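Some notes on the structure that comes next.
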Amino acid sequence: MTDPLFTRDGHLLDLALERFVADDLSSDEQALCDTHLALCSPCVARLDALRALPLDLPPLVSPSEPPPAVRRPSRPSWWGLGGTLAAVAAAAGVALFVPSPQPADVFQSRGADLHLEVWLHDGDDVSRVFDGDPVVAGDRVRFRVDVNAPGYVIVAGVDATGSVYPGAPQHGPAIFVEPDPEPFLLPGALGFDDTPGEELLVAVQCPEPVRMADLEDALRDVEPASELPGLLPGCSQDSVRLVKADPEPR
Amino acid sequence: MSQPGEPIAPLDVADLYRRHGAMVLRRARRFFPEEEARDVLQEVFVKVVHASDRFRGDCSPATWLYQITTRYCITRRSQHARRAELWREAQPHHWQSPVSAADQEVRSRFARAWRDLDPELVLIGVYHHLDGMTQADIATRLGVSRRTVGNRLVELQHLCRSATEGAK
């Protein structure tokens with residue numbers, strides 16, 4: 001099988017241009033592309049545009065390099081981890097993002113309609129975390145949800161001082177999620193600051209679009225370390241409580 | 001690309017990322033706004049880690065990665081699909097990458113019909129209408145006959161037309 005190079009109109013495919021830029025073409029393919037580019041100004045323009053597109057692709061991060069302690073809601077991106085993911089996976093030859101075997105009762109669901117998974121990147125590895133698991137400043141988390149019915153999902157958190165913050169999405173409307181065999185990965189990530197104590201992370205799913213502000217208001221009324229009441233009428237919820245250790249003395 | 005009978009070298013995912021991460025991100029930008037495209041970039045490489053042993057060497061690693069990215073974007077979009085959102089997402093500012101022949105109308109029609117379409121059918125549509133691939137190349141990539149590709153494109157045309165008319 002050969003790799004396609006040309007569109008049906010005789011121009012270079014985007015894929016061919018990408019491979020050209022990445023110096024990924026065989027000598028025969030390179031010759032075909034060079035010949036075409038010598039005669040086709042539109043494709044040259046596309047190639048120039050491709051090269052000129054701004055890309056701040058994160059560099060590969062050394063697995064030993066800890067992530068910066070990011071105060072939420074700073075850069076809401078799981079990215080920055082991607083390079084590490086690739087590097088760690090390649091170096092270790094292991095699969096990432098595979099849940100480790102855990103007892104079935106670790107879910108803290110208030111209803112069977114919504115399950116929240118919290119995935120943590122500690123600078124070296126990615127793993128799922130559960131109630132009571134320790135975290136430290138600088139750890140980053142992302143959320144996956146499993147739903148039994150379509151609805152709008154948001155995640156928010158409360159730290160030990162009662163400070164409430166958005167988890168996912170960190171801006172914009174609630175995320176519409178439908179049932180799927182694979183849990184749905186919510187966009188964005190958040191990094192923990194150095195406030196010690198419990199970090200309560202709560203996901204809610206509602207049949208109608210739900211505002212982050214409503215969940216944050218409801219969470220402000222929750223007593224620290226108390227049992228979580230139903231937060232929003234008509235909505236399913238699930239939560240995970242993590243424990244952040246005191247920062248080490250400098 | 002490997003020749004028949006040649007052993008296939010295992011894929012180095014970190015090297016793939018260095019060489020082709022930008023390509024994956026640009027491809028994802030065709031389907032999603034910037035922040036989500038960056039999520040897609042990460043998720044595609046997680047998939048690559050899982051799937052690297054399935055690389056058969058019958059195309060270049062870049063082409064293989066491009067296909068994985070395209071399929072992933074299509075699946076992800078179908079999971080996200082809601083008519084109102086798709087109407088908004090079809091606005092030009094969400095599609096920042098320069099696109100040659102693929103116009104906003106085609107994208108918009110895809111977007112509106114996305115939810116109800118078979119992902120394989122959407123993939124054929126993307127390769128044909130957005131990427132401009134020949135039917136022969138699409139057939140080769142998907143391992144089906146050229147006739148099948150032609151028939152499915154006709155099917156897609158009918159479905160998109162129905163979706164467009166239904167939305168008016």
Side-chain angles (χ1 to χ4, degrees), chain A residues 1-9 11 13-15 18-19 21-26 29 42-43 45-46 49-50 53 55 57-60 76-83 85-91 93-98 126 142 150 173 175-178 180 182 184-185 187-189, chain B residues 1 10-27 29-30 35-36 38-39 41-50 52 56 58-63 66-67 76 79-82 85 96-101 127-128 130-138 140-141:
Chain A
M1 187 187 300
T2 57
D3 290 15
L5 292 177
F6 295 100
T7 70
R8 58 184 178 277
D9 299 328
H11 293 288
L13 289 167
D14 287 349
L15 172 59
E18 292 281 5
R19 293 181 60 214
V21 170
D23 198 20
D24 187 63
L25 298 166
S26 68
E29 291 170 332
C43 283
R46 288 170 59 217
L50 191 67
L53 274 179
L55 267 186
L57 195 66
L60 283 171
S77 173
W78 176 242
W79 202 218
L81 307 181
L85 284 173
V88 169
V94 296
L96 296 174
F97 234 61
V98 178
V126 176
R142 280 196 77 169
I175 309 294
F176 185 74
V177 181
E178 294 181 290
D180 192 85
E182 279 290 305
F184 185 91
L185 182 67
Chain B
M1 181 180 330
L11 286 176
D12 178 340
V13 179
D15 182 59
L16 269 186
Y17 175 77
R18 274 192 298 272
R19 298 188 65 199
H20 303 301
M23 175 189 78
V24 171
L25 179 56
R26 281 192 284 262
R27 184 63 166 169
R29 282 174 170 175
R30 293 295 187 95
E35 185 173 332
E36 190 164 5
R38 287 178 175 273
D39 282 342
L41 172 61
Q42 181 252 320
E43 286 148 21
V44 163
F45 275 90
V46 170
K47 281 191 171 294
V48 166
V49 170
H50 288 299
S52 60
R56 299 189 303 272
D58 53 3
C59 61
S60 75
T63 301
Y66 201 77
Q67 290 175 183
R76 186 181 175 102
Q79 288 170 344
H80 281 219
R82 279 186 304 136
E85 272 190 3
Q96 297 161 350
S97 325
V99 179
S100 50
Y127 281 155
H128 185 77
L130 292 185
D131 295 332
M133 276 191 192
T134 64
Q135 292 187 20
D137 279 338
I138 298 170
T140 305
R141 296 258 67 78

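Note that the coordinates shown come from a computational prediction; the quantities given were computed from them, not determined experimentally. Here is the naming used below: chain letters follow the sequence lines, and residue numbers restart at 1 for every chain.
- Going from atom OG1 of B:Thr134 over to atom CZ of A:Phe6 covers 11.5 Å, rounded to the nearest 0.5 Å.
- Atom-to-atom distance recorded for A:Asp14:CG and B:Leu130:CG is 9.0 Å, nearest 0.5 angstrom.
- Here B:His128 contributes atom NE2 and A:Arg8 contributes atom CZ; the two are 3.5 Å apart, rounded to the nearest 0.5 Å.
- B:Arg19 approaches A:Ala22 most closely through the heavy-atom pair NH2-O, 3.3 Å.
- In this structure, A:Asp3 CG and B:Tyr66 OH are separated by 12.0 Å, a value rounded to the nearest 0.5 Å.
- With sequence neighbours excluded, no residue forms a side-chain hydrogen bond (donor to acceptor under 3.5 Å, both in side chains) with B:Tyr127.
- Interface check for chain B: of the options A:Leu13, A:Asp24, A:Leu25, the most heavy-atom pairs under 4.5 Å are formed by A:Asp24.
- Once rounded to the nearest 0.5 Å, the distance linking CG of A:Leu15 with OG1 of B:Thr63 reads 4.5 Å.
- With sequence neighbours left out, A:Thr7 forms a side-chain hydrogen bond (donor to acceptor under 3.5 Å, both in side chains) with no residue at all.
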